[in-house]
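Reckoned from all heavy atoms, side chains included, excluding hydrogens, waters and symmetry mates. In the text below, chain A, chain B and the rest are named by the order of the sequence lines, each starting its count at 1.
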Protein chains: 2
Amino acid sequence: MPQAQAVQQGRARDSRKAILDAAERAFADFGFGGASIRAIARDADVNQAMVHYYYQNKDQLFSAVVERRAGDINERRDLALDALFDNAVPALEDLVEALLRPTIELGHDVERGGDAYARLIVYFNNSADERSQRVAEENYDPIARRSIDALMRVLPGLGRAEAVRGYLFAISVALSVMAKTGRAARLSDGLCDDSNTEETVATVVAFACAGIRALADGRFENRQD
Amino acid sequence: MPQAQAVQQGRARDSRKAILDAAERAFADFGFGGASIRAIARDADVNQAMVHYYYQNKDQLFSAVVERRAGDINERRDLALDALFDNAVPALEDLVEALLRPTIELGHDVERGGDAYARLIVYFNNSADERSQRVAEENYDPIARRSIDALMRVLPGLGRAEAVRGYLFAISVALSVMAKTGRAARLSDGLCDDSNTEETVATVVAFACAGIRALADGRFENRQD
DNA sequence: TTATTAATTAAACGTTTGATTAAAATTCGG
DNA sequence: CCGAATTTTAATCAAACGTTTAATTAATAA
């Protein structure tokens, strides 16, 4: 049986982390079904049985990959929200930036492998299968609900349905620049470049805030006409 | 050898279509790697060798699934663009609606299986692997370029980079409501409902247009500050 | 040192995968 | 009704899959 993470000693840590890193890349590149444990073990330079030794099966390995990163992002988002609402009600721009920046910054952190995880978020965020929805619900629904409430406080004209829509739209826009499909560069003949973090944040925040304000102005849900 | 589609007779047509329908569902639900030809054949109620008989291999089957639908959507988008620019330069709202409506409507057409294809678009549109990028480039890049040009004509303040960004953001927002992940319903406690086509179109168009206008106002790319 | 535990290994398990084959059934023009 | 072309079938292939096992090595505690 593998020891709890805190008690682990010697070589153990390296293998455990190497497996998680390799799995992150594999799931991001090929999806759950397309990623193979054999290839993951090979990429991590580890015996194939070690994957099951530490993570039991493919499903739990997938969950472990998501949980490691989600903790980071949620913590940073929570702190940002606390700070924002400490004194008064912030501007919409500041709120939306606080929501999106942690994810965008992680996605740009190639050295830490954040780009692979960014593609993985895009994957399970847009997948309807049970496993994807489970990790989304467990790891991102709590902060999503808090963010939606925050949106409604900042924009009193925003109903709950519009706030949910606005939040999901904003996230979807942010994720679209992180999928690293190369399509933006292709369609713009190289004019678009996602590598500049600050420029990306500014662009996405501007787009999302304008969109959310539009949802607040017009009322699109539950119309009685 | 399978006959060309036009000359086909008898049950052939049925098998061919049944395979394509089943493959569409499988790829949408499980991704390329997670979908199995055996399960597709079983779902289509067809011998497993028939899949290779008509589509040679898994890759070409995947391409065939996309090509069938992309033709429809592109044709409708092209016609809409022709009509819009026939007399004068249209309003941004009309242009964006013309771009997004065909896809959204297809995604709501459950009887024709459009919901499965909608999820499939989301899949390969957000995937960075070679196969996904190939089908995106072959089937959707031409209309994307035409749409981007149209955006720049409607909004003269929009640079090429911003137009590409705006187009991709708008598409991404539209696709996010089509992934049918059930997340919107979950986060809104049932308040959000994607089944109303007109309401969905109106909401997405309003969000996207406001966002695109924001990109035109502020200049976010190639700043020299 | 010895006993215990954790980490790692190579090998194999049964199953499923994408793909191929050759024969059988069906369809259809002449 | 015949013969050729097309469609369908069952059987099979090697390869890859996720997972398990038993044995071995390395580290820790008594």
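The closest donor-acceptor contact from the side chain of Asp86(B) to the backbone of Asp82(B) lies at 3.5 Å or more, if one exists at all. Using modelled atom types, one side-chain atom of Asn139(A) and one backbone atom of Val135(A) make a donor-acceptor pair closer than 3.5 Å. With Tyr55(A) contributing its side chain and Arg16(A) its backbone, the two residues share a donor-acceptor pair below 3.5 Å.
Summarising the geometry, the separation between CD on Gln60(A) and C1' on dT19(D) is reported as 13 Å, rounded to the nearest angstrom. Rounded to whole Å, atom P of dT6(D) lies 18 Å from atom CG of Asp14(B). Note: CG (Asn47(B)) to P (dA22(C)) measures 16 Å, nearest angstrom. Taking atom CE of Met50(B) as the reference point, atom C1' of dT21(C) lies 15 Å away to the nearest angstrom. Going from atom CZ of Arg16(A) over to atom C1' of dT8(C) covers 15 Å, rounded to whole Å.
With Arg165(B) as the partner, the side chain to side chain contact (heavy atoms under 4.5 Å, CB included) test is satisfied by one option alone out of Val177(A), Leu191(A), Val173(A): Val177(A). Ile104(B) pairs in a side chain to side chain contact (heavy atoms under 4.5 Å, CB included) with only one of the listed residues (Val201(B), Leu175(B), Asp194(B), Asp109(B)), which is Val201(B). Checked options Arg101(B), Met178(B), Arg112(B); the residue passing with Leu106(B) is Arg112(B) (criterion: side chain to side chain contact (heavy atoms under 4.5 Å, CB included)).
Between Phe62(A) and Phe32(A), the ring center distance clears the sub-6.0 Å criterion.
Residue pairs that meet the side-chain hydrogen bond (donor to acceptor under 3.5 Å, both in side chains) test with at least one member in residues 168-181 of chain A, sequence neighbours left out, are Ser172(A)-Ser172(B). The ring pair (Phe, Tyr, Trp, His ring centres under 6.0 Å) pairs that include a residue from residues 97-118 of chain B number zero, where partners must be two or more places apart or lie in different chains.
Distances shorter than 4.0 Å separate none of the side-chain N or O atoms of Tyr53(B) from OP1 or OP2 on dT9(D). Dashed line: the shortest gap from a side-chain N or O of Ser15(B) to OP1 or OP2 of dT7(D) is not under 4.0 Å.
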Please test Arg119(B) against Ser127(A) for side-chain hydrogen bond (donor to acceptor under 3.5 Å, both in side chains), starting from the C-alpha separation and ending with a verdict. CA-CA 8 Å; Arg119(B) 274 177 286 127; Ser127(A) 296; over 6 Å; no

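Residues of residues 20-27 of chain A that place a heavy atom closer than 4.0 Å to DNA chain C do not occur.
Between Glu24(A) and Arg69(A) there is a salt bridge, since at least one side-chain N of the basic residue sits less than 4.0 Å from a carboxylate O of the acidic one. Using a cutoff of 4.0 Å between basic side-chain nitrogens and carboxylate oxygens, Glu105(B) and Arg76(B) are scored as salt-bridged.
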For nucleotides 14-19 of chain C, which of its nitrogen or oxygen atoms have a protein nitrogen or oxygen under 3.5 Å away, and what is each distance?
unit_1	atom_1	unit_2	atom_2	d
dT17(C)	OP1	Ser36(B)	OG	3.2
dG18(C)	OP1	Ala35(B)	O	3.2
dG18(C)	OP1	Lys58(B)	NZ	2.9
dG18(C)	OP2	Ile37(B)	N	2.9
dG18(C)	N7	Arg38(B)	NH1	2.7
dG18(C)	O6	Arg38(B)	NH1	3.2
dG18(C)	O6	Arg38(B)	NH2	3.3
dA19(C)	OP2	His52(B)	NE2	3.2
dA19(C)	OP2	Lys58(B)	N	3.0
dA19(C)	N6	Gln48(B)	OE1	3.0

Please list, pair by pair, any protein nitrogen or oxygen found under 3.5 Å from a nitrogen or oxygen in nucleotides 23-25 of chain C.
none

Once Watson-Crick and G-U wobble pairs under 3.5 Å are found, how is DNA chain C written in dot-bracket notation, 5' to 3', with | for any base paired to another strand? |||||||||||||||||||||||.|||..|

